[in-house]
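Beneath this line is the structure, given in structure tokens, with notes to follow.
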Amino acid sequence: MHQDQHFTHDTQSLPIIKPHLHGAFPPNFLWGGASAANQCEGAWDEGGKGPSIQDVLPHGGLSPRSAAPTPDNLKLEGTDFYHRYPEDIALLAEMGFKVFRFSIAWSRIFPNGNETEPNEEGLAFYDRVLDELEKYGIEPLITISHYETPLYLAEQYNGWVSRDLIDFYERYCRVLFERYGHRVKYWLTFNEINSVLHLPFMSGGINTPKEQLSEQDLYQAIHHELVASARATRAARELAPHAQIGCMILAMPTYPLTPSPQDALAALHAEHANFAFGDVHVRGTYPGYFLRMLHEKGIKLNITERDREDLKNTVDFVSFSYYMSTCASSDPSRGESSEGNILGGVSNPTLTASEWGWQIDPVGLRIVLNQYWDRWQKPLFIVENGLGARDELVEADGEMTVIDDYRIDYLRAHLEQVREAIADGVHILGYTTWGCIDMVSASTAQMSKRYGFVYVDRHDDGSGSLSRYRKKSFDWYRRVIASNGAELENS
Ligand code: BG6
């Protein structure tokens with residue numbers, strides 16, 4: 001099919017968009033998958049790595065931390081990517097991946113987070129991962145901080161509540177840009193930066209228990225993270241001029257539960273809580289609705305002149321995760337659903353949900369893509385999407401596999417909406433499914449909540465051989481990539 005949508009990856013300047021009315025994916029679309037160090041690497045104390053906050057979250061980010069790492073924490077061994085990365089990357093290459101998103105464990109590079117010199121063994125590990133990706137021509141997409149603040153910074157500094165973390169993080173970023181900047185183009189500063197509103201320990205390394213954390217401290221921590229993210233962008237301009245820096249937002253479109261204006265306003269407030277993070281990253285200043293909210297809560301942020309200057313270092317692109325949408329109601333008796341991906345909300349009666357209560361809404365992805373593009377006019381990157389489900393390993397044609405038609409249906413329905421958004425004229429750089437090789441869940445630390453195209457033989461009780469098996473979706477995704485999305489219908 002003739003491609004009439006031309007984007008360059010020079011995201012400094014706005015692309016000239018000619019919407020593709022046939023809705024085809026652009027020729028340079030980056031297809032791939034995503035992971036996070038703490039959920040797949042394991043080797044939590046090997047290679048000079050210090051403990052991270054994940055090592056004391058044995059039951060996931062939704063549960064309280066433990067005093068110290070405990071053997072029941074599946075993330076300590078993960079799925080052993082630390083030792084098996086050549087085998088894993090070969091599987092990604094077999095699917096035809098164009099891009100692989102992974103995170104660098106901060107405490108592999110700076111074991112406590114506040115050292116002045118990095119840990120060479122940690123840096124060398126990621127050299128080897130990059131070598132392997134290069135071998136197959138797979139573009140790396142690196143998350144600098146994915147829910148893995150060094151534990152020391154949480155315990156000694158109260159995480160991002162402390163202004164000191166800005167300097168520690170900048171030092172860490174500078175080391176990464178100096179070491180890998182010549183071979184890595186796409187970088188994300190903080191995974192789902194807005195999730196700190198709801199999970200201050202997992203997302204922001206804030207040790208004060210959530211119920212005791214003041215809003216003053218929470219918003220000051222958010223400010224520090226935003227300044228740190230902007231400082232990373234500035235450092236990249238200096239040390240890795242070809243790098244493209246993106247922010248990363250947990251996207252969850254919020255619909256009014258009813259057509260009442262009050263519910264529409266409740267939905268707008270919920271959207272604003274998340275938009276604010278993108279607004280600062282893209283525009284370099286705090287939006288008025290955010291300043292009003294702070295004022296009404298009696299919060300006075302310590303924002304220095306230098307902070308204001310730093311924030312002007314805005315991002316090249318906006319990335320986000322998308323799993324579900326939610327609803328908002330002005331009626332407090334409707335209550336908040338306790339289920340879903342980190343952010344709260346009221347259940348939508350028109351949607352079905354996954355076994356973990358995440359409401360499935362492919363059209364919501366098209367809505368988010370249009371909202372973000374209209375709002376920010378920055379290229380977008382969908383860096384997480386997928387279905388967490390229980391899989392059963394079975395034998396078919398002499399091979400062990402998983403017949404995961406439910407996962408294929410979920411991904412196909414979402415990709416069809418991505419294609420619609422492309423036809424709407426939205427500029428999308430690529431799409432990486434979450435957990436392309438099964439890994440430990442972030443919210444519950446279960447192995448049984450699987451997202452991958454590759455099954456990993458490991459179970460909630462820690463048993464299993466860690467062997468890898470291709471699921472039915474493996475070949476489906478391979479065909480989708482090989483046809484640049486044209487195979488969606490026929491598969
Ligand atoms: C995102 C996180 O919120 O959702 C990932 O960035 C996480 O780290 C993913 O794994 C899926 O969530 P869960 O809790 O099902 O693993």
Side-chain angles (χ1 to χ4, degrees), residues 32-41 52-55 57-63 73-75 78-79 81 100-106 141-149 188-205 225 246-252 274 277 319-326 338-345 353-360 364-365 368 381-391 406-407 410-411 414 431-453 456 458 460:
S35 69
N38 71 84
Q39 293 169 258
C40 68
E41 280 182 6
S52 89
I53 49 117
Q54 287 292 343
D55 301 329
L57 282 172
H59 306 295
L62 300 178
S63 302
N73 187 345
L74 292 186
K75 282 164 286 178
T79 48
F81 180 81
F100 177 49
R101 173 182 173 221
F102 63 99
S103 71
I104 291 186
W106 188 348
L141 164 61
I142 291 186
T143 317
I144 297 171
S145 177
H146 190 130
Y147 294 161
E148 47 219 345
T149 308
L188 309 179
T189 52
F190 289 98
N191 182 61
E192 297 185 332
I193 187 166
N194 50 326
S195 63
V196 69
L197 288 167
H198 304 271
L199 290 179
F201 183 67
M202 183 164 90
S203 180
E225 282 199 67
C247 57
M248 199 301 206
I249 297 168
L250 192 168
M252 197 180 290
N274 300 314
F277 292 82
S319 79
F320 64 91
S321 61
Y322 177 78
Y323 295 90
M324 58 176 290
S325 60
T326 191
S338 57
E339 293 178 319
N341 188 17
I342 301 176
L343 310 182
S354 80
E355 199 181 322
W356 280 265
W358 297 23
Q359 294 206 297
I360 300 169
L365 178 53
V368 164
F381 210 137
I382 305 153
V383 294
E384 286 186 35
N385 176 233
L387 177 71
R390 287 181 207 280
D391 287 339
Y406 39 91
R407 182 166 292 110
Y410 178 101
L411 294 173
H414 284 76
Y431 172 83
T432 60
T433 65
W434 176 250
C436 42
I437 295 179
D438 290 346
M439 55 192 71
V440 183
S441 135
S443 56
T444 62
Q446 290 168 297
M447 207 42 237
S448 51
K449 192 179 186 194
R450 298 172 183 273
Y451 288 84
F453 302 113
V456 177
R458 193 166 192 228
D460 288 347

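Hydrogens, waters and symmetry mates play no part in the numbers below; they use all other heavy atoms, side chains included. Atoms within a ligand are numbered from 1 in the order they appear, just like the ligands themselves. All values derive from a computational prediction rather than experimental measurement.
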| query | Between Asn194 and Asn274, which heavy-atom pair has the shortest distance, and what is it? | reply |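 Distance-wise, the nearest heavy atoms are ND2-OD1, 3.0 Å.
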For ligand 1, note which part of [X] has a heavy atom under 4.0 Å away: side chain, backbone, both or neither.
X	answer
Met439	neither
Leu250	neither
Tyr323	side chain
Tyr322	neither

| Polar contact flag for Ala36 and ligand 1 (N/O pairs, less than 3.5 Å) |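 No, there is no polar N/O contact under 3.5 Å.
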| query | Between Thr444 and ligand 1, is there a nitrogen or oxygen pair with a distance under 3.5 Å? | reply |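 No, Thr444 has no N/O under 3.5 Å of an N/O on ligand 1.
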| query | Among Glu41, Glu148, Gln39, His146, which one satisfies side-chain hydrogen bond (donor to acceptor under 3.5 Å, both in side chains) with Ser103? | reply |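 Among the candidates, only Glu148 passes.
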| message | Holding to ring-ring contact (aromatic ring centres under 6.0 Å, His included), I want the full list of residues that pass it with Phe201, two or more places apart in sequence or in another chain. | response |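 None.
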| said: Checking side-chain polar atoms at under 3.5 Å, does Tyr431 have a donor or acceptor matched by the opposite partner on Asn385? | reply: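 The answer is yes; a qualifying pair exists.
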| query | Under 30°, 30 to 60°, or over 60°: which ring-plane class applies to Phe81 and Phe100, parallel, tilted or perpendicular? | reply |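 Because their plane-to-plane angle lies in the 30° to 60° range, the rings of Phe81 and Phe100 count as tilted.
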| Mutual orientation of the aromatic rings belonging to His414 and Tyr322 [parallel < 30°, tilted 30-60°, perpendicular > 60°] |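 Answer is tilted, since the angle falls between 30° and 60°.
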| Proximal ligand 1 atoms for Lys449, defined as those under 4.0 Å from one of its heavy atoms |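 Answer, ordered by atom number: 13 (P), 14 (O), 15 (O).
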| field | Option with minimal heavy-atom separation from atom 6 (O) of ligand 1, where the choices are Glu384, Arg450, Gln446 | value |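 Nearest option to atom 6 (O) of ligand 1, by heavy atoms: Glu384.
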| field | Non-hydrogen atom of Trp358 closer than 4.0 Å to ligand 1 | value |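 Yes; Trp358 lies near enough to ligand 1 that a heavy-atom distance drops under 4.0 Å.
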